[in-house]
Structures are given as C-alpha cells and as structure tokens.
Amino acid sequence: MSALRSVVVGTGSCLPERAVTNAMLAERVETSDEWIVQRTGIRQRHIAADHETTVSLGTGAARAALDAAGLGPADIDLVICATSTPDHTFPATATEIQAALGIGQGAAFDLQAVCAGFVFGVTTADKFLVTGAAKRALVIGAETFSRIVDWEDRTTCVLFGDGAGAVVLEAREDEAGRGVLSSSLRSDGRHRDKLYVDGGPGSTGTVGHLRMEGKEVFRFAVGQVTDVIADAFARAGLGAAELDWFVPHQANRRIIEASADKLGIAREKIVLTVDRHGNTSAASIPLALDVAVRDGRIKVGDLVMIEAIGGGFSWGAALIRW
Ligand code: ACO
C-alpha cells in the first residue's frame with residue numbers, strides 16, 4: 001500500500017455583496033485611488049454588511065467547496081477554520097460553520113496565525129490526513145477585518161477587505177503524486193509590536209483595532225518569507241522552474257512581486273487577486289485558489305505553491321501537486 005497524501009478535491013469562496021472602490025474610500029478618509037494603487041495594487045475590496053459575518057461567509061465558502069468536490073456533510077470529519085475575526089470569543093468559528101453545514105461528526109477547531117492562518121491550517125489538516133486520523137477535511141479561511149480596522153487610520157483601513165475561501169482535502173493513497181508534498185512553518189513572536197490588535201478578552205475586554213508599522217512589515221515580508229518557500233521546495237526536491245502557480249497571501253502587489261523575483265518565480269505564474277479583494281488575511285489564499293481553479297488556470301497535476309506571512313510574525317509555505 002502506498003502512503004496517504006492530502007489531495008485537494010474542491011475549492012469554494014464567498015465574498016460580501018458590497019464592493020468598495022478606492023474612490024468610495026476617498027470619500028471617507030483622506031486618500032486617493034492613485035496612492036492606494038501605486039503603493040499596494042488594490043483597486044477595490046468587499047466589505048461585509050451587518051448580516052454578513054465571518055461564520056456566514058465561511059459557511060458559504062465551505063458549502064461551495066463541498067459542492068465542487070461532490071461531497072456532503074456526512075463526508076467531512078475535520079473542520080479547521082483560520083480566522084482572526086471570529087464572530088464570538090467562543091465557541092470556535094469552525095464549530096459554528098460545522099453546525100451550519102449540518103456536519104455532526106469529527107472535530108472542528110479554529111486556528112490563529114493571522115494572515116498565515118490558511119497555510120498553517122492546510123499543514124495541520126495534512127498531518128491528520130496522512131496519519132489516518134481523519135479522512136476528509138474542510139480547511140477554511142474566513143475574515144471580517146472591516147470590523148477590526150480603525151476607520152480613522154488611513155494608513156491601514158485602505159488595505160483590508162472581508163471574505164472567505166475553503167478547500168476540501170481528502171486522504172488518498174498517493175496516486176500520480178498528487179497532494180500536499182511539503183510545507184514549512186515559522187513564527188517569531190519578538191516582532192509582535194509591528195502588527196497587532198490593541199485589544200482582546202484577556203487584556204482590555206474589548207475587540208480592539210489593528211495597528212501596524214507598514215514599512216517594517218513590508219521589509220520583513222520581502223526579506224524573510226522566502227526562507228519557508230525555499231525550505232518547502234527543498235523538502236520536496238523541487239524548484240521554482242517546476243512551479244506552475246504561485247498563490248501568495250494577497251497583501252500587497254509590491255511584496256508579492258518582490259518575493260517572486262527573489263525566488264526566480266516568473267511573474268506570469270503569480271495568481272494575483274489583491275486588486276479586487278484587498279488583504280483578506282487568512283481568507284486571501286483560498287479565495288485566490290478558488291478564482292484560479294474556476295477560471296481554468298489551476299488544473300489537476302499542476303504544481304502550486306501557497307505562501308503567507310502575518311502578525312506574530314508567523315509565516316509559512318506549502319507545495320501542493322493539484
Ligand atoms: N492615502 C494617502 N496617503 C497616505 C495613506 C493613504 N491611505 N496612508 C499613508 N499616507 C501617506 C503618509 O502619511 C505619508 O505621508 P508623508 O510623507 O507626508 O508623511 C506617505 O503617504 C508615505 O507613507 P508611508 O507609510 O511611508 O508609505 P509606504 O510607501 O511605506 O506605504 C504601505 C505604506 C502601503 C502600508 C506599505 O508600507 C506596505 O505595503 N506595507 C506592508 C504592509 C502590509 O501589507 N500589511 C498587511 C498586513 S501584514 C500582511 O498581510 C503581510
């Protein structure tokens with residue numbers, strides 16, 4: 001019997017109905033379309049209405065991923081939701097989504113690695129699946145960052161958006177080399193003050209607002225994140241030349257292109273959605289994956305690298321044979 005691998009069998013996503021352009025934001029804070037596009041590549045982002053929440057968006061994305069996989073609630077025995085913006089301090093967003101989907105078996109829990117949460121989630125699910133501890137996992141990234149940004153702070157509020165994405169991973173015997181091939185995770189909590197939220201249940205008893213030293217984050221992201229990508233390639237015995245698609249966390253077009261250049265990944269292999277989604281933190285990679293699967297770019301057999309860095313700092317990469 002050959003080894004078990006975690007194979008992606010479906011993707012899905014869900015965005016709030018309302019898209020907010022840079023011009024619309026400029027009516028609220030002192031900014032301009034030109035400044036935002038030039039610095040970040042963002043042209044619009046989706047912002048949740050009152051009735052749209054992390055759970056409702058996450059449930060929408062998960063349902064779409066199940067449909068794409070041709071599976072139902074009875075088929076899933078692990079739900080992992082990566083989020084920094086849960087609807088409630090507890091229970092876990094994953095259990096709320098599990099209930100909304102009618103999944104009554106298996107385990108469900110949240111995972112907190114901020115923008116890197118989806119990569120940490122895929123890596124965690126992979127460990128359950130390849131050891132036989134679970135058979136099929138829903139890995140979801142779901143966020144409503146519009147609820148934690150400081151709408152008075154133009155240096156941060158223009159960057160973020162809301163949304164959710166999901167994948168279904170299935171444990172299969174290694175067929176044609178498909179599945180999660182390798183991953184590499186890192187954290188360094190000494191960088192806490194460069195990107196954090198200034199509140200929480202154990203400190204202020206409030207939700208708090210996102211605070212960021214943009215230049216420092218930019219420098220670290222471009223300088224450091226390539227280590228996990230190089231490590232994921234090395235563990236799989238593969239390199240940038242063999243890659244079909246690079247699907248990074250969608251924070252900033254300049255960070256993404258600088259990282260790709262540094263790694264020798266051709267620009268045409270980058271899946272870029274930051275222009276229309278903004279930075280949706282843990283949701284950004286599964287949202288981008290779903291776009292590229294549905295428009296026919298990512299196909300079975302393609303080699304795909306996902307990569308992200310976020311608050312902590314925490315960062316990671318995973319190499320997947322689709
Ligand atoms: N509109 C217009 N002007 C602005 C805005 C705005 N929204 N925000 C700041 N400015 C002004 C500043 O006040 C400053 O003006 P001054 O020169 O008169 O003082 C000027 O623009 C330049 O500001 P900087 O902060 O130096 O701008 P910078 O070129 O560093 O770009 C940015 C800022 C876009 C935040 C950049 O640092 C960046 O992309 N950092 C990465 C942060 C990031 O992507 N974080 C996402 C979360 S972490 C993650 O997901 C990886």
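Just follow the structure's listing: the first ligand is 1, and inside any ligand the first atom is 1.
- Of the heavy atoms in W315, none comes closer than 4.0 Å to ligand 1.
- Checking each of E143, Q250, H249 against N279 for a side-chain hydrogen bond (donor to acceptor under 3.5 Å, both in side chains) leaves exactly one that passes, namely H249.
- Note on ring orientation: taking the six-membered ring where Trp is involved, the planes of F313 and H191 are parallel (angle under 30°, cut-offs 30° and 60°).
- Using a distance-only test at 3.5 Å, with no hydrogens or angles considered, a donor-acceptor pair links the side chain of D162 to the main chain of S146.
- At a heavy-atom cutoff of 4.0 Å, ligand 1 is contacted by the side chain of N252 but not by its backbone.
- Between the choices R154, H249, K194, K215, the shortest heavy-atom distance to atom 24 (P) of ligand 1 belongs to K215.
- Using a 4.0 Å cut-off between heavy atoms, L195 contacts ligand 1 through its side chain alone, with no backbone atom that close.
- Nearest-residue assignment for atom 21 (O) of ligand 1 (options W35, F218, F220, F313; heavy-atom criterion): W35.
- For R254, the CZ atom is densely surrounded, since the number of other residues' heavy atoms within 6.0 Å is greater than 12.
- Looking at N279 next to ligand 1, an N or O pair under 3.5 Å apart turns up.
- Listed by number with element, the atoms of ligand 1 under 4.0 angstrom from any heavy atom of F160 are 47 (C).
- Residue contacts with ligand 1 for V29 are absent, since no atom lies close enough (heavy atoms, distance under 4.0 Å).
- Annotation for T40 and V274: closest pair O-CG1, 4.1 Å, computed over non-hydrogen atoms.
- For T155, heavy-atom contacts with ligand 1 shorter than 4.0 Å involve the backbone as well as the side chain.
- The ligand atoms of ligand 1 that sit less than 4.0 angstrom from a heavy atom of V158 are 7 (N).
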